[in-house]
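Inspection log for the structure reproduced underneath, given as structure tokens.
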Amino acid sequence: MDDLISFDETLSDDEVVTAAGVLKSLEEAWLNEKLSPEILPHKIEQVDCMMEQIHHMEENLKKLDKNDFRVGLHKLELDRIRYLITSYLRTRIDKIETYALKILEDESTRDPGDRYLSPSEFSFAKEYVTNLNGHFKSLFVGLPESLQDLDTNQIMINPNLESHVFVKASSNVQGVIVDDGDNREEEVSLEDKSQHILPYKAVSEYVKNGQVQLI
């Protein structure tokens with residue numbers, strides 16, 4: 001019974017991937033998404049994996065005696081994972097609703113396999129923009145045609161990539177270019193496990209490739 005609820009299970013025969021490793025990866029993705037001003041590449045594979053793990057854990061819980069002290073602990077862990085998944089997805093939806101036009105503009109420059117949005121998020125973003133355009137057009141009914149043209153650039157909201165963020169280096173990172181605010185650039189290096197406050201724009205690519213973690 002001790003191994004009924006475990007995060008040490010191997011999830012792939014081709015690559016050693018444990019549920020604990022996937023959960024850690026999703027926790028890092030959630031924190032990055034919460035603290036990043038822009039939407040990041042989706043981690044829907046990790047979400048799907050943890051949803052399957054939740055189902056597996058729920059099935060194993062049924063095998064435990066309801067008076068077993070471990071039941072309460074496992075339920076707390078299940079609630080924590082559910083919250084993590086819900087918060088991660090909700091944060092992304094909030095960003096899509098706020099920056100929908102900008103996100104779709106950027107996505108149009110990427111190949112389908114490289115999109116930051118998952119297929120369902122991409123469909124949601126397109127539908128959201130369609131409804132948004134319809135709403136604005138309904139507001140202009142009765143106005144002269146010259147005033148009914150909607151310039152999307154005027155209503156497009158862009159994330160503030162110049163905002164400063166707290167970061168922790170996950171490895172040694174060389175050649176980080178930082179604008180000092182006086183139109184001068186400085187190249188800095190981040191030592192493994194060192195912490196810094198930097199403009200998000202300077203570390204955005206390192207956040208996406210896992211070399212830097214937002215904290």
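Atoms NZ and CG, from K63 and L61 in turn, are 10.5 Å apart once rounded to the nearest 0.5 Å. Here the straight-line distance linking atom CD1 of I103 with atom OG of S108 works out to 12.5 Å at 0.5 Å rounding.
Residues F122 and L104 have side chains in contact (heavy-atom distance under 4.5 Å, counting atoms from C-beta outward). For the pair V207/S36, no side-chain contact is recorded, criterion being any heavy-atom separation below 4.5 Å from C-beta on. Side-chain atoms of R70 and L64, non-hydrogen and from C-beta on, do get closer than 4.5 Å to each other. Taking 4.5 Å as the limit, every side-chain heavy atom of W30 sits out of range of all side-chain heavy atoms of L26. In this structure, I85 and M51 have side chains that are in contact, with non-hydrogen atoms separated by less than 4.5 Å. For the pair Q213/V167, no side-chain contact is recorded, criterion being any heavy-atom separation below 4.5 Å from C-beta on. Between V165 and I197, the closest side-chain pair of non-hydrogen atoms is not below 4.5 Å. Looking only at side-chain heavy atoms (C-beta outward), I157 and L101 stay at 4.5 Å or farther from each other.
The stretch residues 33-53 participates, sequence neighbours left out, in these salt bridge (charged side-chain N to carboxylate O under 4.0 Å, His left out) pairs: E33-R92, E33-K95, E38-K208. Within the structure, the salt bridge (charged side-chain N to carboxylate O under 4.0 Å, His left out) test picks out the following pairs touching residues 155-168 (sequence neighbours left out): E162-K201.
The side-chain contact (heavy atoms from CB on, under 4.5 Å) test applied to R82 returns I54, E58, L78, D79, not counting sequence neighbours. Scored by the salt bridge (Lys or Arg N to Asp or Glu O under 4.0 Å) test, D94 finds R90 as partners (sequence neighbours excluded). Remark: K62 pairs with E59 by the side chain to side chain donor-acceptor pair (under 3.5 Å) rule, at least two apart or across chains. Looking at residues two or more places apart in sequence or on another chain, you find no side chain to side chain donor-acceptor pair (under 3.5 Å) involving S170.
Annotation for E97: atom CD counts as buried by contact number, over 12 foreign heavy atoms lying within 6.0 Å.
The two residues P159 and K102 have their closest heavy-atom pair at CD-CG, 4.1 Å. Contact between P37 and Y99 at its shortest, heavy atoms only, is O-CE1, 3.6 Å. Taking all atoms of both residues into account, the shortest heavy-atom contact from A169 to D192 is O-OD1, 3.7 Å. The two residues I96 and A125 make their nearest non-hydrogen contact at CG2-CB, 3.7 Å. Of all non-hydrogen atoms in Y88 and A29, the two that sit nearest each other are CE1-O, 3.9 Å. Residues S118 and I44 share a closest heavy-atom pair of CB-CB, 4.2 Å.
With hydrogens and angles ignored, the 3.5 Å screen pairs no side-chain donor or acceptor of S25 with any backbone N or O of G21. When atom types are taken as modelled, the side chain of E107 and the backbone of Y116 share a donor-acceptor pair closer than 3.5 angstrom. Using modelled atom types, one side-chain atom of S123 and one backbone atom of P119 make a donor-acceptor pair closer than 3.5 Å. At least one donor-acceptor pair under 3.5 Å links the side chain of T109 to the backbone N or O of D106. Not a single donor-acceptor pair under 3.5 Å links the side chain of D111 to the backbone N or O of G113.
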Evaluation steps, side chain to side chain contact (heavy atoms under 4.5 Å, CB included), between L84 and E27: CA-CA 7 Å; L84 177 69; E27 288 173 334; 3.5 Å; yes
Evaluation steps, side chain to side chain contact (heavy atoms under 4.5 Å, CB included), between L31 and L214: CA-CA 7 Å; L31 196 57; L214 299 183; 5.6 Å; no
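For the side-chain contact (heavy atoms from CB on, under 4.5 Å) with L23, the qualifying choice from Q53, Q46, E77 is E77, the only one to do so.
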